[in-house]
Amino acid sequence: MSRYLPSLLERNSPFNVIGTGLLIVASTYGLSRYTYGLFVPAIRDDFNLDQAKVGAIGSASYLGYLLATLVSPILVRRFSPRLPIILGGMTATLGMLLVALAGNPLWLALGVTLAGCSPGLAYPPLSDAIKQLCRADKRSRYYAIINSGTSFGVMVSGPLALIAGSRWQLAWLCFAFIALTATLWNLLIMPGSTRGTAHHPSSLEEHSDRLPACQEPMLMLLRRKLKDKLVRRLLLGALLFGLVTSVYWTFSVELIAGNNRLSETSSVIFWMIVGIAGVAGGLAGDLVTRFGLARILKWATLAIATSIASLTVASEGMLMLTISAVVFGATFILITALYGIWSVYCFPEAPSLGFGLTFFLISAGQLVSPSLAGVGADLWKMTGVFQVTAIVCLGILLLLPTQDVRSI
């Protein structure tokens, strides 16, 4: 064991790169952002909220993320990947602490919004950090594995929710502690400079032909990139993906509970299955290398649309619900990884800018849809909302990449 210890302590060891990335993504995405949906029935009852208000608070989380994604790439280019990652971890910790201590809907909404900022700050810089810390042949695989951290966060939230029971705020206190741990670890590992990499000098030489564009002002670079058809498809597809998937994250447990299909414990198990299945999304890098991004994105889109629709026709038993949870969890994490890989391919000069813009638009869609879904549920019932969402999801098939992507 002692002979492996030195390599584990190195900043760019797989253990540290993947471990810190997984934990910060689990804390900011899996816990801070998506776990709200698991607690919607309890939050609605404790704070006496209707569907529209529940949806509005869910949208506030996405609004926080939306604003943070605008700031994060600027911080990376001005300072370092480490700064926004640490800020993301701090906002996750504070936001979830506020949710745990909230005594009224206003403080609850503030905590949810602040927690929602955290992945917008922490996630885009991971592309720069991976590029600095890892060899080129490892980047797609490491990124895809780190991206699956969302699933680990969702998995952890389920057992803690069961343990906390009616005192659901205790679970959020535990979430805040996990986020604090992730923040401290990332403070030690993440690179503090955007200029080169001490561990892999060859990576600069490998992309030396692209270095001048790194000095290009952000707005000029963005204006030039938007003329590219491939970039436009990336961004429009990301917007639509965010629009349809946040309905599932925010209201799937509410749909199940509202139809009296499952007990509270079974609903938590359903949520955990979504998280466990998401680990399969860590295979995105290998799948893209073998089959190409366009083909994988096509079949993943068909699968996630089916999972959304199947939740509306599930019987009283767990079989159809389990299938829906497994397919949605796996394909959601897979597709987010695909969009991440695609964004780095389109923005090799400024990975965090491509990341930030892509996930900004995913979040823009996620910002709008919970409020729309909440209003739609009051008018047409939640079942109808999910059926329309599944149909809209198929629009992503019109925005697949026109040229294949197999690596970044």
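Note: hydrogens, waters and symmetry copies are ignored here, and every other heavy atom, side chains too, is used. Residues: numbered from 1 along the sequence shown. Remember, it's a predicted structure, so these values are computed and weren't measured experimentally.
Taking the six-membered ring where the residue is Trp, Phe241 and Tyr339 present tilted rings, their angle falling between 30° and 60°. Ring planes of Trp168 and Trp172: perpendicular class, angle over 60° (limits at 30 and 60°).
At distances below 3.5 Å, not a single donor-acceptor pair connects side-chain atoms of Ser72 with backbone N or O atoms of Ala122. Under a 3.5 Å cut-off, the side chain of Arg233 and the backbone N or O of Leu400 do form a donor-acceptor pair. Looking only at distances, no side-chain donor or acceptor of Ser252 sits under 3.5 Å from a matching main-chain atom of Trp249. A side-chain donor-acceptor contact under 3.5 Å links Thr181 to the backbone of Phe177. In this structure, Asn186 contributes its side chain and Ile86 its backbone to no donor-acceptor pair below 3.5 Å. Judged by distance alone, the side chain of Ser32 and the main-chain N or O of Ser27 form a donor-acceptor pair under 3.5 Å.
For the side chain to side chain contact (heavy atoms under 4.5 Å, CB included) with Trp342, the qualifying choice from Thr358, Leu297, Val231 is Leu297, the only one to do so.
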query = Hey, mind stepping through Thr113 and Leu63 against side chain to side chain contact (heavy atoms under 4.5 Å, CB included) and telling me if it holds?
reply = CA-CA 7 Å; Thr113 303; Leu63 176 61; 5.5 Å; no

For a quick test of your reading: what N or O donor-acceptor pairs under 3.5 Å do the side chains of residues 96-112 make, sequence neighbours left out?
{"from": "Asn104", "atom 1": "OD1", "to": "Leu106", "atom 2": "N", "distance (Å)": "3.0"}
{"from": "Asn104", "atom 1": "OD1", "to": "Trp107", "atom 2": "N", "distance (Å)": "3.0"}

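Atom CD1 of Ile146 sits about 11.5 Å away from atom CZ of Phe152, to the nearest 0.5 Å. Atom-to-atom distance recorded for Thr301:OG1 and Leu398:CG is 10.5 Å, nearest 0.5 angstrom. Atom CG of Leu234 and atom CG of Leu399 lie 10.0 Å apart (nearest 0.5 Å). To the nearest 0.5 Å, atom OG1 of residue Thr331 and atom CG of residue Leu338 are 10.5 Å apart. If you take CG on Leu230 and OH on Tyr345, they are separated by 7.0 Å, rounding to the nearest 0.5 Å. A distance of 9.5 Å separates CD1 in Ile85 from OG1 in Thr28, rounded to the nearest 0.5 Å.
Annotation: Tyr123 is not in aromatic contact with Tyr65 [ring centroid separation under 6.0 Å not met].
A pairwise comparison of heavy atoms in Ser369 and Val247 identifies CB-CG2, 4.0 Å as the closest pair. Residues Thr183 and Ala179 come closest through the heavy atom pair OG1-O, 2.8 Å. Among all heavy-atom pairs drawn from Thr91 and Cys117, the shortest one is OG1-C, 4.3 Å. Across Pro119 and Ala115, no two heavy atoms sit closer than the pair CD-O, 3.6 Å.
Contact check for Cys393 versus Ile304: side-chain heavy atoms found under the 4.5 Å cut-off. In this structure the side chain of Ile323 never reaches within 4.5 angstrom of the side chain of Ser310, judged on heavy atoms.
In this model, no donor atom of one side chain and acceptor atom of the other lie less than 3.5 Å apart for Ser324 and Ser307.
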